[in-house]
Amino acid sequence: MTVKVIEVGGLTSTLSARGVEKQLSRLPGVSKVEVNYVAGSATVVYDETRTDLEPIKAKVVECGYHCGGELVPKHVCAPEASQGKSGAAAKPAGHHHPGADNTRAEVEAAPPVDHAAHEMGHGGGMSMEAMARDMRNRFWIAFVFSIPIFAYSPMGEVFIPPAPPFGLRLDLWLFFLASAAVLYPSWPFFVAAWRALRNGVLNMAVLVVLSVGTGYLFSVGATFFFPSVQFYEAVAVLLVFILLGHWLEMRARAGASNAIRSLMDLAPPMANVLRDGRETEVPTSDVLKDDVVVIRPGNKIPVDGEVLEGESQVDESMLTGESMPVPKKPGDSVIGATINKSGSFKYRATKVGADTALAQIVKLVQEAQNSKAPAQLLADKASQWLVLIAVVIGLATFAAWFWWIGQPLLFALTLTITVFVIACPDALGLATPMAVMVGTGLGAMNGILFKNAGALEEATKLDMVVFDKTGTLTMGEPEVVEVVAASDVTVDEVLALAATVEQGSDHPLAQAISKRAADLEVQTLSGFQNIEGKGAQAEIGGREVLLGNRRLMDERQVAMNGLDSEAQRLQGAGQTVVHIAHGGQLVGLIAIADAPRPTAAAMVAKLRERGVEVAMLTGDNKATADRIAASLGITTVLADVLPGQKADKVKELQGQGKRVGMVGDGVNDAPALTQADVGFAIGAGTDVAIESADVVLMKSDPYDVVGAIELSRATLRKMYQNLFWAVAYNVIAFPVAAGLFYPFVISPEVAALAMSGSSVLVAVNAMLLKRTRLEGIHAAAS
């Protein structure tokens with residue numbers, strides 16, 4: 001199966017997205033579709049042996065929306081046809097759509113477009129910012145024309161207005177003003193309603209058309225055909241409030257996409273490459289696989305590659321969270337969007353366009369934001385039914401007040417319009433996706449990538465998290481944890497002797513000793529000899545030095561110099577003990593172990609504070625496992641577990657009724673990650689598409705598990721708050737609008753304000769998640 005994230009431009013309501021989902025799902029070969037109204041994109045899963053992207057894009061256009069193609073990050077949209085070629089720059093197969101937001105996406109393989117047509121209406125490829133600006137302009141037009149309408153109407157007769165110009169009758173003058181205030185500003189809703197009906201759904205636009213259209217047409221009829229009271233002013237003000245609400249909602253939707261735009265903006269717009277032996281500056285989108293890229297101090301690295309010549313220090317914090325620059329030399333890999341800090345170098349591009357690490361990260365976030373949490377599936381169905389219920393209640397309200405109770409036509413019609421306009425399916429439809437969009441975006445900015453909304457929701461239910469030991473709770477490389485010196489020497493002298501013998505060795509234990517003794521002066525040695533399986537020997541200052549295990553010491557009859565008990569203590573703690581003998585006497589012991597990560601103990605404490613039990617899973621022996629666990633405060637230890645048994649251990653815990661999260665490296669722990677209720681892949685580096693994990697922790701920091709769980713809980717709270725408000729609002733709104741509390745009734749204008757306020761409240765409440773203080777999560781900049 002192939003998964004693609006494509007643009008769906010021009011969505012004006014959550015139920016418009018539902019219509020596109022229905023139509024795309026009917027295409028042969030398409031197995032799953034998730035359209036995100038907030039992001040204006042869709043995730044499509046299809047069988048590439050039965051269909052491809054072209055008919056899918058065509059169906060989106062047929063639904064009445066813009067589809068430029070697959071969304072990939074700004075600056076890194078490389079032409080597929082040119083992948084793998086080198087030499088002169090090739091012209092990209094695709095180009096940027098003029099209506100799209102430059103900070104948001106470049107469109108691959110987009111066909112030629114009519115620039116003017118796409119800028120004019122919501123059917124074009126306008127970005128969310130452009131749609132918000134368009135809605136703002138329509139709001140101001142409606143508002144400006146509503147002022148004279150209100151002043152000339154019977155409601156506005158707080159002063160005597162001047163006579164209408166050109167000798168027009170008052171009702172004709174109001175008709176012209178209302179037409180200007182209503183027809184152009186409300187046009188997107190008529191288009192959206194028509195598209196929704198054509199796609200087999202009822203959306204918010206249908207209710208807007210019913211309310212505004214009914215009021216306007218009734219007033220037109222009263223002007224030209226049957227003398228009656230018009231309410232042009234009510235229709236105009238009603239539309240003003242509707243437009244205001246949609247404008248504010250779209251601004252909030254645009255703000256929810258900040259995380260994606262921030263990620264996309266990490267890539268530099270231009271790159272220096274060698275073409276025909278000359279250095280040429282080209283757009284990053286034109287960099288081809290196998291191109292040689294030239295990097296100087298301060299440059300951002302445009303695409304992924306391998307260093308060919310030169311050395312430097314590269315800041316990879318955007319990817320790993322590590323603040324210290326990473327040294328790079330020939331043969332080392334570099335990642336696009338990281339920053340070169342010092343020297344110059346040349347590298348060969350190995351991954352360009354949608355294959356880069358940055359593009360993969362963006363795609364992962366987009367897929368997560370487009371996915372639907374279980375609660376959203378129910379809310380989508382409820383939103384669809386809510387529109388139908390509003391229409392039925394509106395018609396029943398008219399029938400009851402006009403025919404049964406006998407109220408005047410204008411009164412019954414006013415209540416009917418009020419019912420149409422007060423219903424707010426958008427609040428219900430926005431409740432979950434806005435929270436998911438902000439939550440996953442905030443996670444991405446903190447190096448926590450949720451692969452789908454289901455994982456975001458499931459993470460809140462975890463009551464146990466199982467951590468693989470090596471490389472997850474520990475650094476994954478040996479480190480000196482303790483040095484014991486004999487009474488007649490110092491610790492530094494012991495380390496200096498050991499480092500002298502081990503200099504130049506690439507053995508992990510030797511490197512650990514050399515790292516610890518980096519600031520000490522090594523001496524000159526001679527006669528170095530490696531003793532297989534036991535250690536090494538050499539001469540320093542004319543005296544023999546032995547370095548190795550206890551077996552070597554016993555064979556050479558080295559006097560233990562009173563350090564027997566210390567050796568047993570260190571060995572019993574599960575550490576590797578290196579003995580150092582000088583001149584036939586044991587002078588010291590160096591204990592080496594896989595050291596815990598600096599944040600591991602704090603992470604365990606925080607999870608336990610939040611009621612989450614922590615367990616450690618390892619193939620190490622019980623002594624080693626218990627030592628690490630005790631130092632971190634972990635009481636549940638699963639030791640001597642073979643790689644093939646890890647998934648079984650997770651299953652056993654689940655059999656005890658626990659909701660289990662598994663944290664591992666995403667490769668060796670793949671079966672266990674898949675078995676767990678939520679799998680966390682740590683240490684993923686550039687491999688952000690680990691199929692077995694639900695959450696990718698980019699910074700390789702176990703403390704990010706705390707952040708992930710905190711963020712998921714906060715996001716779920718926002719979802720529930722929004723759903724509660726949306727449901728409660730609509731339950732209360734219908735009887736009030738239908739006049740059930742007569743003589744207390746509300747006007748269509750008030751209903752429009754309440755409806756718009758409901759959608760805006762849900763959107764703003766979700767956006768407040770960015771400002772929430774969460775453990776392990778940095779709040780997003782406003």
Side-chain angles (χ1 to χ4, degrees), residues 5 7 68-83 85-110 113 115 125 127-130 254 257-275 278-305 312 314-319 334-341 344-363 365-366 444-445 686 781:
V5 179
E7 177 190 3
E70 184 180 1
L71 292 179
V72 297
K74 173 191 177 187
H75 311 316
V76 296
C77 176
E80 290 183 2
S82 301
Q83 303 272 329
K85 297 179 182 180
S86 59
K91 183 179 180 180
H95 65 278
H96 177 61
H97 185 271
D101 176 14
N102 278 344
T103 65
R104 184 164 172 266
E106 290 281 333
V107 178
E108 269 190 306
V113 292
H115 293 189
S127 68
M128 187 52 57
E129 289 83 356
S257 303
N258 284 342
I260 287 286
R261 287 196 298 273
S262 297
L263 285 172
M264 289 177 169
D265 281 343
L266 291 174
M270 305 296 289
N272 291 317
V273 299
L274 294 180
R275 298 272 171 87
R278 298 175 57 189
E279 186 176 325
T280 306
E281 187 177 52
V282 300
T284 297
S285 59
D286 285 354
V287 177
L288 307 177
K289 188 177 180 182
D290 293 327
D291 267 347
V292 175
V293 184
V294 180
I295 297 295
R296 294 185 175 83
N299 287 167
K300 273 189 176 183
I301 295 172
V303 297
D304 301 358
S312 185
V314 176
D315 178 0
E316 296 184 343
S317 58
M318 58 74 60
L319 187 72
V334 290
I335 308 301
T338 56
I339 303 172
N340 182 38
K341 303 297 288 186
S344 300
F345 62 92
K346 296 177 183 177
Y347 76 95
R348 179 177 62 85
T350 56
K351 292 182 180 180
V352 298
D355 294 329
T356 63
L358 177 63
Q360 291 296 311
I361 292 171
V362 171
K363 182 181 179 183
V365 177
Q366 286 173 329
M445 298 307 295
T686 62

What heavy-atom pair brings [X] and [Y] nearest, and what distance separates the two atoms?
| X | Y | answer |
| --- | --- | --- |
| Ala267 | Leu358 | CB-CD2, 3.7 Å |
| Ile339 | Gly298 | CG2-O, 4.3 Å |
| Pro297 | Ser344 | CD-OG, 3.3 Å |
| Pro268 | Pro302 | CG-CA, 3.6 Å |
| Tyr347 | Val303 | OH-O, 2.8 Å |
| Gly305 | Thr350 | CA-OG1, 3.3 Å |

Reported CG-to-CE distance for the pair Asp286 and Met270, which is rounded to 0.5 angstrom |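 The distance works out to 8.5 Å.
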Do Asp290 and Arg348 come within less than 4.5 Å of each other through their side chains, counting heavy atoms only?
->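 Result yes, sub-4.5 Å side-chain heavy-atom pair found.
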Just so I know, are the side chains of Glu316 and Ile301 near enough to count as touching, which here means a heavy-atom distance under 4.5 Å?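 No; the side chains remain at least 4.5 Å from each other.
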Val287 and Val282: CA distance, side-chain angles, deciding distance, side chain to side chain contact (heavy atoms under 4.5 Å, CB included) verdict: CA-CA 7 Å; Val287 177; Val282 300; 4.2 Å; yes
**Asked** Residues in side chain to side chain contact (heavy atoms under 4.5 Å, CB included) with Val294, at least two apart?
**Response**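 Side chain to side chain contact (heavy atoms under 4.5 Å, CB included) check on Val294 returns Asn272, Leu274, Glu279, Arg296, Lys346.
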Discussion item. Checking Asn340 now: which residues fulfil side-chain hydrogen bond (donor to acceptor under 3.5 Å, both in side chains) with it, not counting sequence neighbours?
Written reply: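 Here the qualifying residues are Ser312.
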